Amino acid sequence: MAYNFEKVEKKWKEKWEKENPYKVDVDKNKKKFYCLEMLPYPSGRIHMGHVRNYSIGDVVARYLSMKGYNVLHPMGWDAFGLPAENAAIKRGDHPRVHTVNHIEMMRKQLKNLGFSYDWDREIATCFPEYYKWNQWFFLKMYEKGLAYRSKRSVNWCPSCQTVLANEQAEGGKCWRCDSEVEQKELEQWFIRITDYADRLLDNLDKLEGWPENVKEMQRNWIGRSEGSIVKFRVKGLEKDLEVFTTRVDTIFGCTFVCVAPNHEIVKEFVEKGELSKEVQDFVDKINKMSREERLQTSEKLGQFTGFYAINPFNKKEVPIYLANFVLAEYGTGAVMSVPAHDERDFEFAKKYGLDIVPVIAPEKDFVYQGELEKAYTEYGYLINSGEFTGLKTEEAKVRMNEWLEKEGLGKAAITYKLKDWGISRQRYWGTPIPIIYCDKCGIVPVPYEDLPVELPDDVEFKGEGGSPLLTSKTFLKTKCPKCGGEAKRETDTMDTFIDSSWYYFRYIDPKNEKEPFSKEKVEYWSPVDLYIGGIEHATMHLIYTRFFTMFMYDLGLVPVEEPVIRLLTQGMVIKDGRKMSKSLGNVVDPDEMIQKYGADAVRLFMLFAAPPEKEIDWQDQGAEGALRFLTRVWNFGEENAEIIKSEVDFDVNKMSSKGKDLIKKLHKTIKKVSEDIEVRIHLNTAIASLMELFNSLSSFKPENDFDKAAVRETFSGLVKMLTPFAPHICSEMGEIYGIDLNKWPEFNKDLAKDDTFLLIVQVNGKVKGRVEVEVGIDGEEAFSQALKDVKVAKALEGKSIIKKVFIPNRLLNIVVK
RNA sequence: GCGGAAGUGGCGGAAUUGGCAGACGCGCUAGACUUAGGAUCUAGUGUCUUUCGGCGUGGGGGUUCGAGUCCCCCCUUCCGCACCA
């Protein structure tokens, strides 16, 4: 009977649905392995990227459980987020109903692919049983002083009277009404992740199982920079302007100071200055540009403020400029400009006719002649620098920092690009921040015993007038937990990155009502041994999640500081050389592929086409090829059923030499496939070796009765090894031929051993012949064997041998003249 | 500009430690079976050359008995960061 993938896959899908055979529990007698894949957002449909991500994880999980590990392999839903709320605004569905429907559809799709999840552990972050613990962690952070309120500007639509997410404000226009988006300052909640910046950075060196590019991206993101903060007195304002610099050694060459147009002090320049109008116009001009526009403008734009600052080192008065290239959010938002030794300052000075004073020289007695043609940015020796003249850059920095500290005019300082994590979202579909505002008591955290603060249902989704939570009669008004008086709830909800920062700990104990997870279970299962997901999460998610784990570690909740031992970032699935997108019309639908080729073939090709880290250009023909391979294995079983089921003793010594070779190939393949899955996670080469093994098997003809055992063993080994890749067809064959798929075939070193090998014979480094010789022969013997090869003999004719290079069990190179 | 990764047949890719370049698959060619083939099976498939034999892993140089692999220079592509003081 021809292989009918539809029927076979349906049968096993139903069986697994009924039995949940991948259910696991703590078992201290077994070695654990935690295999985790990034949880999907319930968009309603899975895409090929999910198929790839989860197929990789499934192979590793199934392989290791066959190897006897206790494998935790869970799945869940990153279920909060903006799209559900947008749908509510557009179509009036409640986000919960919308999300739950989507989850239903996608769960079905995942089950169609036959992934070995323990579905009893499924979580969805949008249910109070889960987000209660987000609130719990928030309160813990608040207690530790890690959560605080501060102002930050948000995108604001003046017509809808509401806050917009960046993706709702693309191109500076409101997504609903097309109005011009404004920036507005709002009080919001922040998490002091910068307290952990050094730890997040330093630990990266310990993450040996993480790809270098991800670690490098995180280093850039954290952006640690060592330097100095220097106070410049502002004349006429009776206050200090702090600048951050990494080159304090150049400070004697500072000829002006630049501040960001949105720096706090600018207000005072406008109020008290003579150039108010010019300054205000410049600020307006810069503010009109979006952040992207600002960053793309490479032209230096500046405006003199009319004010002067005093350089604390040489007491020189230098003009203060507003400059478009100075960012308020980095360092102190103000810089000392040394045009002689900084390219940007040089360009700026040239444009606005400011002084250029060199203070660093490449050599000790170097004298600058004439005008500088470009900035000298290298380290060197200080010149024209008062008491510091003659010092080298490195030493000058140290001494000048000491001087600053002594004089109270500054200090050595470290800045980061990493900013505190703003978690407030003015949205409904997220975790309510558990805070109450009382007129008498101020900010009061919701007591732990009152958690969860649940999302109310009596809300309206209008898309205007602020968060839908403001429209709820039951939510907003409450009693102050401290004084019992009238109070209001916080209506901001949390960034969804909070949800995904600790979810893998919740999988460990998903139904716990008393605590986020039990300590005992976490001690057994954590950390995550393998985490698989897209590179797009290299910074945000993977930094937040590392931070959360450190925080939980500090609270004594988890035994590890770092959550993930090994990280695998899989490549994208593209089509026709381009990213799949609706507008290009090149989207490949997983369901359609499964219908055409079956889940097993889709999975197999997905893993075969390229190593996991690389991109895959999806080809239907490739899936067809995978199905062809599976069908050939199936047909081989049917054609050789009698041999496969025969009970001949397994005795290699009685097999024909070809039979022995087949067994040898089997054991070499076991070793190769095991290593490819476990060590390298190069599943494409694992599959290639399985295909090779099958090619050997299908061309083998038993020469005696004992050879039948070779066929039987090889076939059952092949089916076992293929199971993690194509579980449906293998389960069916396992049942038909009585193959135990719960066990990975055991590698036998003796059976894999060669007694002869193919000696490569080179003459002057070029391959001239190949001779089959016994393993372990020495160089002289190899040489005499090599001479038997006609081509080799010919190549040596009339030449004198200079030397012979012999690599045991591999190669002989004869060097001649 | 800075940092990272990569460049191998018509295509996806393999070569894990410096030792047979092109495993495995797709595609293609020929043949078999067939009423038929976009099914299946068999054989072939880097390139030049009639053969012998050359040449060949982006280009150029080097180290070595031997280089896809190591070193230097250059080119190209992709990714990340990017006026970060």
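Chain naming here is simple, since letters A, B, ... match the order of the sequence lines and numbering starts at 1 in each. Computed from heavy atoms alone, side chains included, the values below leave out hydrogens, waters and symmetry copies. Computed from a predicted structure; not experimentally measured.
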Categorize A:Asn684 for me: base, sugar-phosphate, or nothing, with a 4.0 angstrom heavy-atom threshold over every strand shown. sugar-phosphate
Nearest-neighbour nucleotide for the A:Ala688 side chain, B:rA23, B:rA85, B:rC65 considered: B:rA23
Is the cationic atom of A:Lys374 (NZ for Lys, CZ for Arg) positioned less than 6.0 Å from the six-membered ring centroid of A:Phe346 and within 45 degrees of its normal? no
Using the C1' atom as the point on both nucleotides, what is the distance between B:rU29 and B:rG18, in whole Å? 38 Å
A:Thr539 side-chain N/O to B:rG80 phosphate OP1/OP2 under 4.0 Å: no
Might you list the N or O atoms of the protein lying below 3.5 Å from N or O atoms in nucleotides 7-9 of chain B, with each pair's distance?
none

Between A:Phe232 and A:Ile310, is there a side-chain heavy-atom distance shorter than 4.5 Å? no
Nearest-nucleotide wise, let me know which of A:His682 and A:Phe244 is further upstream toward the 5' end of RNA chain B. A:His682
B:rU51 and B:rG60, which share atom name C1', separated by this distance in whole Å: 34 Å
Spacing of A:Phe629 atom CZ relative to B:rC24 atom C1', expressed in whole Å: 10 Å
Gap in Å between the two P atoms, one belonging to B:rU69 and one to B:rU17, rounded: 14 Å
How would you label the glycosidic angle of B:rG13: syn (within 90° of 0) or anti? anti
Distance test, side-chain N/O of A:Arg344 to OP1/OP2 of B:rC84, below 4.0 Å: yes
Rounding to an integer number of angstrom, what distance separates B:rG10 and B:rU64 when you compare their C1' atoms? 35 Å
Which atoms of nucleotides 25-30 of chain B (N or O only) lie under 3.5 Å from a protein N or O atom, and what are those distances?
unit_1, atom_1, unit_2, atom_2, d
B:rG25, OP1, A:Asn695, ND2, 3.3
B:rC26, OP1, A:Arg628, NH1, 2.5

Ring centre gap for A:Phe304 and A:Tyr352 strictly below 6.0 Å: no
Per atom distances to the A:Gln762 side chain, the nearest of B:rG12, B:rA85, B:rG19 is B:rG19
Any Lys/Arg nitrogen of A:Asp676 or A:Lys672 sitting under 4.0 Å from an Asp/Glu carboxylate oxygen of the other? yes
Shortest non-hydrogen contact between A:Ala349 and A:Ile356, atoms and distance: CB-CG1, 4.1 Å
Are A:Lys417 and B:rC81 close enough that a side-chain N or O sits under 4.0 Å from OP1 or OP2? no
B:rG25 and B:rC52: how far apart are their P atoms, nearest whole angstrom? 28 Å
Between A:Phe497 and A:Trp421, does the ring pair (Phe, Tyr, Trp, His ring centres under 6.0 Å) criterion hold? Intermediate values first, please. CA-CA 10 Å; A:Phe497 276 120; A:Trp421 179 10; 7.3 Å; no
Is there a side-chain contact between A:Phe252 and A:Leu382 in this structure, where contact means two heavy atoms from C-beta onward sitting under 4.5 Å apart? no
Please list residues of residues 763-775 of chain A whose heavy atoms come under 4.0 Å from any atom in RNA chain B, ordered by number; otherwise none. A:Lys766, A:Val767, A:Lys768, A:Arg770
Distance, C1' atom - from B:rC65 to B:rC41, rounded to whole angstrom: 47 Å
Less than 4.5 Å apart, any side-chain heavy atom of A:Phe747 and any of A:Val673? no
From the set B:rC24, B:rG19, B:rC20, return the single nucleotide nearest to any side-chain atom of A:Leu811. B:rG19
5' precedence on RNA chain B between A:Thr415 and A:Thr685 (nearest-nucleotide basis): A:Thr685
Mind checking A:Arg810 for me? I need base, sugar-phosphate or nothing, with any heavy atom below 4.0 Å counting as a touch. sugar-phosphate
When you get a sec, tell me which of B:rC84, B:rG13, B:rG66 is the closest nucleotide to the side chain of A:Tyr330? B:rC84
Look at the side chain of A:Asn220 and the base of B:rC81, then say whether one donor and one acceptor between them are separated by less than 3.5 Å. no
Using the P atom as the reference point in each nucleotide, state the distance between B:rA67 and B:rG58 in Å, no decimals. 15 Å
Shortest non-hydrogen pair, A:Leu204 vs A:Arg546, comes out as CD2-NH1, 3.3 Å
Taking the six-membered ring for Trp, are A:Phe388 and A:Phe313 closer than 6.0 Å centroid to centroid? yes
